Amino acid sequence: MKGISSARRQLLVDLEGIIGRECYNASIQNYGPGGVREAAGRSFRYPITLRLPDGERQKVRAETVSNSFAVDTVMSGYYAFGANQLDIIVAIDKVISYLEIHHGLVVDEH
């Protein structure tokens, strides 16, 4: 796995968290926080699955992926859709690289 800066790692984790929190299921009709009926559907954080060094997989439902995970583990993150998967962290990394090359984005240490 290529080395990435801590700033890039944090950007990847932050952007994934934004994307992961944009899931919505109109079929979920139950009560939300504080007992408020949310009959029109519910938003939720889509879980990202990480491949751990020992071969195990761990689903993360927290707002963002913890800093305790190694870079290689973070880079392995994907969304599972039945038998399919979206390698979300790699995809975000490619978008960041595109923006760096074509639009002058600079991701650096502050």
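Since we're looking at a predicted model, the values are computed, not measured.
- Scanning all heavy atoms of the two residues, the minimum distance from Val60 to Val65 falls at CG1-CA, 4.4 Å.
- Below 30°, between 30° and 60°, or above 60°: for Phe81 and Tyr79 the angle between ring planes is above 60°, a perpendicular geometry.
- A salt bridge does not link Arg51 with Asp72: every distance from a Lys NZ or Arg NE/NH1/NH2 to an Asp or Glu carboxylate oxygen is 4.0 Å or more.
- With hydrophobic clusters built from ILVMFWY side chains whose heavy atoms lie under 4.5 angstrom apart, Leu12 does not share a cluster with Tyr78.
- Under the rule for a side-chain contact (heavy atoms from CB on, under 4.5 Å), the partners of Asn67 that lie at least two apart in sequence or sit in another chain are Arg9, Gln10.
- A distance of 4.0 Å separates CD1 of Ile48 from CD of Glu16, quoted to the nearest 0.5 Å.
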Evaluate side chain to side chain contact (heavy atoms under 4.5 Å, CB included) for Phe69 paired with Leu52, printing each intermediate quantity in order. CA-CA 9 Å; Phe69 290 107; Leu52 303 176; 3.9 Å; yes
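- The salt bridge (Lys or Arg N to Asp or Glu O under 4.0 Å) test applied to Arg57 returns no partner, not counting sequence neighbours.
- No salt bridge links Lys94 with Asp87; every basic N to acidic carboxylate O contact stays at or beyond 4.0 Å.
- Of all non-hydrogen atoms in Ile89 and Val74, the two that sit nearest each other are CG1-O, 3.3 Å.
- Between Ile92 atom CD1 and Asp14 atom CG the span is 10.0 Å, to the nearest 0.5 Å.
- Under the 3.5 Å distance criterion, the side-chain polar atoms of Arg61 are left unmatched by any main-chain donor or acceptor of Arg45.
- When the side chains of ILVMFWY residues are joined at heavy-atom separations under 4.5 Å, either directly or via intervening members, Leu11 and Ile4 end up in a single hydrophobic cluster.
- A donor-acceptor distance shorter than 3.5 angstrom exists from the side chain of Tyr46 to the backbone of Ala80, with no hydrogens or angles considered.
- For the side-chain contact (heavy atoms from CB on, under 4.5 Å) test, residues two or more places apart in sequence or in another chain that qualify with Ile18 are Leu15, Arg21.
- For the atom pair OG of Ser76 and CD of Gln58, the computed distance is 10.5 Å after rounding to the nearest 0.5 Å.
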